[in-house]
Engineer: 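Have a look at this one.
Order of the sequence lines fixes the chain letters, A, B, ..., with proteins taken first and strands second; residue numbering starts at 1 for each chain. Since the model is a prediction, treat every value here as computed from it, not as a measurement. Only heavy atoms go into these numbers, but all of them, side chains included; no hydrogens, no water, no symmetry mates.
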There are 2 protein chains.
Amino acid sequence: MFNTNARSDMKDNGNIDVYPSEAVAQQEDSFTAEDPVNIGKILKKIRTQYQLTLEDASKRTGVAKSTLSKIENEQISPTFAILQKLAKGLDIEIPQLFVEPKQQQATGRRDITEQGKGQQHLTTTYEHELLATQLSSKKMLPYKSRVHARSFEDFGDWVRHDGEEFLLVLEGEVQLLTEFYQPRTLKTGDSAYYDASMGHLVVSSSKEDALILWITTS
Amino acid sequence: MFNTNARSDMKDNGNIDVYPSEAVAQQEDSFTAEDPVNIGKILKKIRTQYQLTLEDASKRTGVAKSTLSKIENEQISPTFAILQKLAKGLDIEIPQLFVEPKQQQATGRRDITEQGKGQQHLTTTYEHELLATQLSSKKMLPYKSRVHARSFEDFGDWVRHDGEEFLLVLEGEVQLLTEFYQPRTLKTGDSAYYDASMGHLVVSSSKEDALILWITTS
DNA sequence: AGAAAAAGTTTCCAATACGAAAAATAATTG
DNA sequence: CAATTATTTTTCGTATTGGAAACTTTTTCT
């Protein structure tokens with residue numbers, strides 16, 4: 001069901017420090033002239049990563065969607081003027097058009113994460129699905145967590161970190177354990193908001209694993 | 001004539017550690033889409049820095065010189081295909097076309113420094129003119145030095161550094177002072193070669209300042 | 001599954017880039 | 001300083017790009 005090399009995993013007691021995606025982000029070499037750079041493929045990757053349709057991209061850049069389509073399909077070689085429009089409209093730097101796209105700043109962007117399509121991050125106590133991982137430097141880190149933990153002992157110690165946290169129970173029933181407070185049961189639909197520097201934990205109190213939405217300030 | 005804040009200058013006793021050009025190299029921000037990037041101006045800078053004519057560049061890149069001319073003069077917006085040819089032919093990375101050019105590797109290149117057009121570097125003892133500063137990572141560092149110094153005392157201590165040194169007297173007469181050796185007078189046309197880790201100095205022994213060509217291994 | 005909407009591709013023509021050669025400048029040389 | 005050569009710019013025909021709209025494919029909704 002979940003990871004069994006318990007000891008080493010216990011250090012990581014379900015808390016998320018940084019989005020793994022930021023650390024994992026593949027390091028691409030900067031483009032050398034020898035490589036067969038496919039500007040079309042790259043542009044498409046950028047556009048789809050932004051979750052823009054050709055029409056959206058057209059509106060942003062002022063370049064006809066037909067042109068965009070042809071560029072993406074390597075049917076034409078865009079002029080530098082077009083490259084500039086693309087860069088400006090998509091708010092990227094031109095050299096970015098020659099390297100595989102990475103995460104993007106959140107400003108002016110959106111990132112839709114479909115059910116189950118988020119980035120998985122497993123611990124012994126929780127099964128996290130990170131949301132909106134395409135965007136970096138976000139003010140909030142949203143993720144869904146399936147709660148395997150059943151008791152304080154499953155963690156070993158309180159979870160503590162900077163910032164504040166909000167959670168909403170999506171499925172099942174959980175107990176919110178909070179330092180200095182009495183445990184509190186939260187049913188589906190209930191939510192909580194708390195200072196994350198105060199020790200806190202969530203354990204499932206129903207038979208099934210509970211599912212919660214979690215949002216942490218970064 | 002030369003710098004007068006003597007004390008701080010004495011530390012720098014005429015020896016050249018690195019080409020100042022490498023340290024001085026202006027730090028340009030990477031291009032943001034907002035800036036009005038002038039690909040023509042940049043291309044021209046690169047080409048002239050390589051000391052290539054339009055025809056040379058045309059041969060290297062396979063792009064017609066007329067096209068190159070028009071690009072440089074911003075009369076046309078080159079297609080991406082052309083940008084690729086330029087990058088490949090000039091052996092640069094495409095993003096380089098969007099930033100002010102810096103020094104270039106020496107491989108396959110040449111750099112002519114016209115009389116007096118080298119990069120000036122003044123000390124209390126010498127007046128250096130660095131040569132071939134367009135190229136980086138050179139095996140040899142050539143420079144001309146006008147010798148102001150007249151005695152060992154003008155330095156304070158031996159000059160020492162890794163590598164070997166060759167010098168040729170271009171004008172005037174100098175004394176080559178070398179650790180473990182007797183001083184030796186060198187007239188115009190005379191030359192010397194020595195291990196630079198051994199203390200060494202050159203002082204002018206004629207009435208006028210002497211001029212020498214100096215080449216150091218790096 | 002069929003209709004409607006959305007997204008992507010292709011067509012066609014005007015606008016523009018590309019290259020060869022001619023014309024104009026700039027640099028050299030006697 | 002005129003003549004020559006080297007270098008850059010302009011001209012002009014051809015090839016290619018870029019955009020509006022038509023068309024096709026994919027997705028969504030009932």
Engineer: To the side chain of Lys70(B), which of dT9(D), dG8(C), dC18(C) is closest?
Structural biologist: dC18(C)

Engineer: Return no unless some side-chain N or O of Thr67(A) is found under 4.0 Å from OP1 or OP2 of dG18(D).
Structural biologist: no

Engineer: Is it true that Arg146(A) and Glu171(A) make a salt bridge, defined as a side-chain N closer than 4.0 Å to a carboxylate O?
Structural biologist: yes

Engineer: Would you please confirm or rule out a distance under 4.0 Å between OP1 or OP2 of dT8(D) and any side-chain N or O of Asn73(B)?
Structural biologist: no

Engineer: Specify the separation, in whole Å, of atom NZ of Lys59(B) and atom C1' of dA6(D).
Structural biologist: 12 Å

Engineer: So for Thr53(A) and dA7(C), does any side-chain atom that can act as donor or acceptor lie under 3.5 Å from a complementary atom in the base?
Structural biologist: no

Engineer: Under a 4.5 Å cut-off applied to non-hydrogen side-chain atoms, are Gln84(B) and Ile39(A) in contact?
Structural biologist: no

Engineer: Would you indicate what Gln75(B) reaches in the nucleic acid, counting non-hydrogen atoms under 4.0 angstrom: base, sugar-phosphate, or nothing?
Structural biologist: sugar-phosphate

Engineer: Does Thr79(A) have a side-chain nitrogen or oxygen under 4.0 Å from the phosphate oxygens OP1 or OP2 of dT16(C)?
Structural biologist: no

Engineer: Would you mind reading off the distance between Leu83(B) atom CG and dT17(D) atom C1', rounded to a whole angstrom?
Structural biologist: 14 Å

Engineer: Check the pair Thr125(B), Leu201(B) against side-chain contact (heavy atoms from CB on, under 4.5 Å), reporting the backbone distance first and the verdict last.
Structural biologist: CA-CA 10 Å; Thr125(B) 48; Leu201(B) 293 176; over 6 Å; no

Engineer: dG18(D) P sits how many Å from Ile76(B) CD1, rounded?
Structural biologist: 13 Å

Engineer: Quickly work out the Ile71(B) CD1 to dT9(D) P distance and round it to whole Å.
Structural biologist: 13 Å

Engineer: Figure out the NZ/P separation between Lys44(B) and dT7(D), and round it to whole Å.
Structural biologist: 14 Å

Engineer: Just so I know, are the side chains of Leu68(B) and Arg47(B) near enough to count as touching, which here means a heavy-atom distance under 4.5 Å?
Structural biologist: no

Engineer: NA contact type, Leu54(A), heavy-atom cut-off 4.0 Å: base, sugar-phosphate, or nothing?
Structural biologist: base

Engineer: Send over the distance from Leu43(B) CG to dT8(D) C1', rounded to a whole Å.
Structural biologist: 14 Å

Engineer: Rounded to whole Å, please give me the gap between CG in Leu68(A) and P in dT17(D).
Structural biologist: 15 Å

Engineer: For Arg47(B) and dT8(D), is the shortest distance between a side-chain N/O and OP1 or OP2 below 4.0 Å?
Structural biologist: yes

Engineer: Measure from the side chain of Ser66(A), starting at C-beta and using heavy atoms only, and say which of dT10(D), dG18(D), dA20(D) lies closest.
Structural biologist: dA20(D)

Engineer: Please determine which of Val174(A), Leu177(A), Asp154(A), Leu176(A) meets the side-chain contact (heavy atoms from CB on, under 4.5 Å) test together with Val203(A).
Structural biologist: Leu177(A)

Engineer: Just N and O in the side chain of Lys85(A): are any of them under 4.0 Å from OP1 or OP2 of dG19(D)?
Structural biologist: yes

Engineer: In whole Å, I'd like the distance from the CD atom of Glu55(B) to the P atom of dA26(C).
Structural biologist: 19 Å

Engineer: Which is true for Ile82(A) with a 4.0 Å heavy-atom rule: it touches a base, it touches only sugar-phosphate, or it touches nothing?
Structural biologist: sugar-phosphate

